[in-house]
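For this chain, numbers begin at 1 and follow the sequence in order.
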Amino acid sequence: GNSGGGLFDKKGRVIGITTASISDPESKNIAQNLNLAIPINTLKDLLSGGGALKKESPAYFYSLGILEKNKLNYDAAEIYFKKAIELNDVYADAYIEIGSIYYEQGEWDLQLEMFRKAVKADPMNSDAHYFLATAYEDLGRYESAITEYQKVIELNPTEKEAFYALAVIYLSLGEKNKAAQIIPKLKELNPGLGGEVEMLIGRVK
């Protein structure tokens, strides 16, 4: 298909596109024009012949929610995300997006609740654990945040943001040795972040 603009998450990763034309591989004709934000996993499914993005589907409402959220229409976005969850109560990405709306609104407890639901919906989803960790950080619950960041790393050993956040928490708790143990792996993944942690350790008395 022919894609349009990219759609990115908080970490700067591509999670979808904003327009697409999906072609029928047999007839070589355009089978469907999609003019909304398509989650990248849904797009992969479409391109591999896994079906169409149907109206009234969870992915459809999730996509509408992303569009509204990108326009900062949080109330409308939340309605769409909740509609997606009504249709699929284990739609982890929808819980994550609602949690991120609560973050923008400073609703720390509600944010935590949504990210917990995301983890419960999909325990193997490293992003769900990552955002749950950030929610614990926002509430000053650092030991719980550490547990979640460790889970992120277990699920995705290349998640540099989790290694960095973990090192910073250890430093804030005065555990320099634990922070130092993270540096070699972090430098391997991102020399700049690894060097930053090393510099911070050197400045901590």
Participant: Mind running salt bridge (charged side-chain N to carboxylate O under 4.0 Å, His left out) on K151 and E154 for me, showing each step along the way?
Facilitator: CA-CA 5 Å; K151 184 64 177 178; E154 177 186 330; 3.4 Å; yes
Participant: Salt-bridged, K185 to E188, with N to O below 4.0 Å?
Facilitator: yes
Participant: So does K187 pair up with E198, basic N to acidic O under 4.0 Å?
Facilitator: yes
Participant: Would you say CE of M199 has more than 12 non-hydrogen atoms from neighbouring residues, nucleotides or ligands within 6.0 angstrom?
Facilitator: yes
Participant: Under a single-linkage definition using a 4.5 Å side-chain heavy-atom cutoff for Ile, Leu, Val, Met, Phe, Trp and Tyr, are I79 and L64 assigned to the same hydrophobic cluster?
Facilitator: no
Participant: Counting heavy atoms not belonging to Y80, are there more than 12 under 6.0 Å from its OH?
Facilitator: no
Participant: Checking ring-ring contact (aromatic ring centres under 6.0 Å, His included) for the pair Y91/Y62: CA distance, chi angles, key distance, verdict?
Facilitator: CA-CA 9 Å; Y91 204 143; Y62 175 85; 5.3 Å; yes
Participant: Is it true that Y149 and E159 share a donor-acceptor pair across their side chains at a distance under 3.5 Å?
Facilitator: no
Participant: Take I66 and F81 through the test side chain to side chain contact (heavy atoms under 4.5 Å, CB included) and record every step on the way to the result.
Facilitator: CA-CA 8 Å; I66 290 291; F81 291 135; 4.0 Å; yes
Participant: Check the pair E196, Y164 against side chain to side chain donor-acceptor pair (under 3.5 Å), reporting the backbone distance first and the verdict last.
Facilitator: CA-CA 9 Å; E196 185 176 326; Y164 178 78; 2.5 Å; yes
Participant: Among residues two or more places apart or on two chains, list those pairs meeting salt bridge (charged side-chain N to carboxylate O under 4.0 Å, His left out) that have a residue in residues 134-149.
Facilitator: none
Participant: Go through V119 and N125 one step at a time and tell me if the side chain to side chain contact (heavy atoms under 4.5 Å, CB included) criterion holds.
Facilitator: CA-CA 7 Å; V119 167; N125 186 320; over 6 Å; no
Participant: Report yes or no: does N190 contribute a side-chain atom to a donor-acceptor pair with the main-chain N or O of L193 at less than 3.5 Å?
Facilitator: yes
Participant: Flag the pair E78 and K82 as a salt bridge only when some basic side-chain nitrogen lies within less than 4.0 angstrom of an acidic carboxylate oxygen.
Facilitator: yes
